[in-house]
Structures are given as structure tokens and as C-alpha cells.
Amino acid sequence: MSQAPIPRPGILDIAVYVSGANQVGATTTLKQLSSNEGALGPSPAAVAALRAMAGDMHRYPDGGSTALRAALATKHGLDASRIVCGAGSDELIALLLKSYAGPGDEVLYSQHGFLMYPIGAKTVGATPIAAPETGLRTDVDAMLAAVTPRTRVVFVANPNNPTGSYLPPEEIARLHAGLPAETLLIIDAAYAEYAEGRNDYTAGIELVEAHPNVVMLRTFSKIYALAALRLGWAYCSAPVADVLNRVRGPFNVSLSAQVAGVAAVEDTEFLARSRAHNEAWLPWLTEKLTGLGLSVAPSAANFVLVRFPETPGKTAAEAWDYLAQRGVLIRKMASYGLPHSLRISVGPEDELQEAVRLLGEFLAA
Ligand SMILES: *Cc1c(COP(=O)(O)O)cnc(C)c1O
């Protein structure tokens, strides 16, 4: 057989992203606390909207996601013309990198930041640069120290996945103030709805309003519980929105995602219920795990990062196996540079109870 075509430099440096969902054989019904999806299942209104559109699936969707952008603009008080929707925020991350970075450029993120940032950077031939964190938290000074004339894009997940930590608005503003005007700052606020109750957190809208080089990313995969439909959105300046609208596919967001998205945005009761679930069970989970002697990083999101002992028989890898063999799937963290930690999503009550019970059993053995 002749040799296959050679991809561009950087592509073969990418380690394939292993999702939380496919780390064990898909033969058993699993309790899945590995991907931070909404704990309550989708909004009943979103399910109804999806069913109602089924007979229209022979039609192309509205390429501008007009109704969805209008619903988001109303809910958040935004200019709809500066919202761009994507097939998950992953697509928007990829499109922003494709538009603003390439070979010879650097893409900066924090040490334990979301994996799609270095993956996306390598995909476009750019060099991902990880700035060290301090205490599992984005370190603005370290980020600024890592900026060079080649830094084109800077990512901050706020709150961050997988650490659960967040930066207050003045720290994000200080990071922005230290960047050159031609560098794009992308605030990935995938978990904003879980953190918004805190008085020292904002998702970044005010920074987007004030500066043309700031983008806020949001997703429907987490609190809105529509991960399977692939839906995210960006809020950005008019020039950045124009760029995204040029490079995205003309029908990049499916009709199912658009109609379910509108219904989910308008279902305020579901959002309140989801938030209340997290506000009750995040502290519960943190307390139970701490009670087992594990070290739990404070989290402003819908998951916790848990540090395990390095003693043989009690390690993170062994704990993961123990739970997986008993039908509870949590997330390995070695790919995030945290081999002694595991991430557990704040899922439904019965699944959390089972995870805590099994971890107690594992640690006592
Ligand atoms: C889950 C997650 C996303 C969402 O990705 P989608 O493509 O919208 O499903 C984005 N950023 C971070 C940090 C996440 O954890």
C-alpha cells in the first residue's frame, strides 16, 4: 500500500481527546458522573420543542440562528448581532483559533485549563503555551509573564474545568489590561450559571462590551443539559462576530439545537431547579468526600476535583477502576496533568450517593 497523505505540521502531535463517556466498554448501563452534563436531564420544554420539529427535518435550518440569538439577547440583555452560535462551544473555539492563530503564533492558556485549547491550537499549527497555576487557580501574573509578541489568543475558562476555581472580575480585567490590543482574550464561561450566585463572579459580558478583543463563550451542554445537540454561543465585538460569520459553515447549528435551545433559554423554572440542585449537592459531595479524608478543591461549578493518596491500593487510578467496575463512571485527570486526581460531576442524587458509598468502601478496604 502506498503512503497516506501527510497532514500539516502539528496535527500528529495531537493526542486524541478521550471523552468522559467512552473510557469503559459501553456494555453496561453506567452512572455517568464524568462529563459535567446537567444533572436533571433536559428541560421538558426543550424535549417538547425537539419532538415538535421532527416533521420539519427535511428543511435546512435558519443559518443565522435568528430566533435563538434573539432569545439569548433578551435573556442576557445583549446585542443579538454580536452573538454567534456554534455546534457546541468546541466549534467556536476551533473557529476562533482558525481565524486568529496559525503557524508561528502562540496560544496561551493556564496549566490545568480545558484540553480543547491546546488541541485546537495544534490543529491550526500554532504553539500552545501553558502558564503555571498557583494552588489550582489561574495565576494572572504567570499568564502575563508568558505573553510574547507572538501571543495571538489567550484562553481563560472561568470557572475552570477541571479545577472548579474562578477569577473575580478585577483579576480578569487585570489580565486583559496586560494584553496587547491585537491579542484576543477568550473567556470560556461554560459553567457561568453555576457561579453566578457569587458576588465576586461575572461571566465577562461587561468586558466584551468595553473591548473589541474580548470574547465570551457559553454552552448549552452543562446547566441547559443539551450536550447531545451540540450548541454553544459566543458574545463578541462586531468585527469578531463578522469574522466568525465568515468562517463558520452556513448551517453550522442544526434545527433541533436551535428549537431546543430557544425552549431551554425560556424555561426559567428549569434553570432555577438545576441551580438549586447544584447548590444543594455540590456542598454535600464536597463534605462527604472531605469526610472520607480526600482533598477536594473548592468548586464554583458542577463538579469537584478530588485528590487521592499516592499509597498503593488507594490511588486515583485504582479508585477509578473500583468505581467503573461497579457501574459508576468518573473522570480521569492524567491528561490534565493531574494524575493523582479524579473529577466527579454533581449528577443526580442517587448516583452521587452511590459514588460516595463506593469511595468509602474503596478507601476502607
Ligand atoms: C464542557 C465545556 C465546554 C462545552 O463544550 P461544548 O462543545 O459546548 O459541549 C466548553 N468549555 C469548557 C471549559 C467545558 O468544560
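Order of listing sets the numbers, starting from 1, for every ligand and every atom in it.
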Does the distance from a Lys or Arg side-chain N to an Asp or Glu carboxylate O, for Lys75 and Glu193, drop under 4.0 Å? no
Using a 4.0 Å heavy-atom cut-off, which part of Asp188 comes near ligand 1: side chain, backbone, both, or neither? side chain
With heavy atoms only and a cut-off of under 4.0 Å, state how Ala190 meets ligand 1: side chain, backbone, both or neither. side chain
Is the closest side-chain donor-acceptor distance between Asp200 and Tyr166 under 3.5 Å? yes
Do any nitrogen or oxygen atoms of Arg230 lie less than 3.5 angstrom from nitrogen or oxygen atoms of ligand 1? yes
Students should be able to answer this: which protein heavy-atom is nearest to atom 4 (C) of ligand 1, and at what distance? Ser89 OG, 3.2 Å
Quiz item: cation-pi between Arg331 and Tyr17, 6.0 Å / 45°: yes
With the threshold set at 4.0 Å, does a side-chain nitrogen-carboxylate oxygen contact exist between Asp321 and Lys332? no
Show which atoms of ligand 1 fall inside a sub-4.0 Å distance from at least one heavy-atom site of Asn161. 13 (C), 14 (C), 15 (O)
Show the atoms of ligand 1 that are less than 4.0 angstrom away from any heavy atom in Gly88. 6 (P), 7 (O), 8 (O)
Considering only heavy atoms, does Lys222 approach ligand 1 within less than 4.0 Å through its side chain, its backbone, both, or neither? side chain
May I ask whether Ser221 has any heavy atom positioned less than 4.0 angstrom from an atom of ligand 1? yes
Examine Arg343 relative to Phe303 and say whether NZ or CZ is less than 6.0 Å from the centre of the six-membered ring and inside a 45° cone about the ring axis. yes
Would you say Arg8's side chain and Thr123's backbone share a donor-acceptor pair under 3.5 angstrom? yes
When you look for heavy atoms under 4.0 Å from ligand 1, do you find them on the side chain of Tyr191, its backbone, both, or neither? side chain
Classify the side-chain pair Thr163/Glu133 by whether it contains a donor and acceptor separated by less than 3.5 Å. no
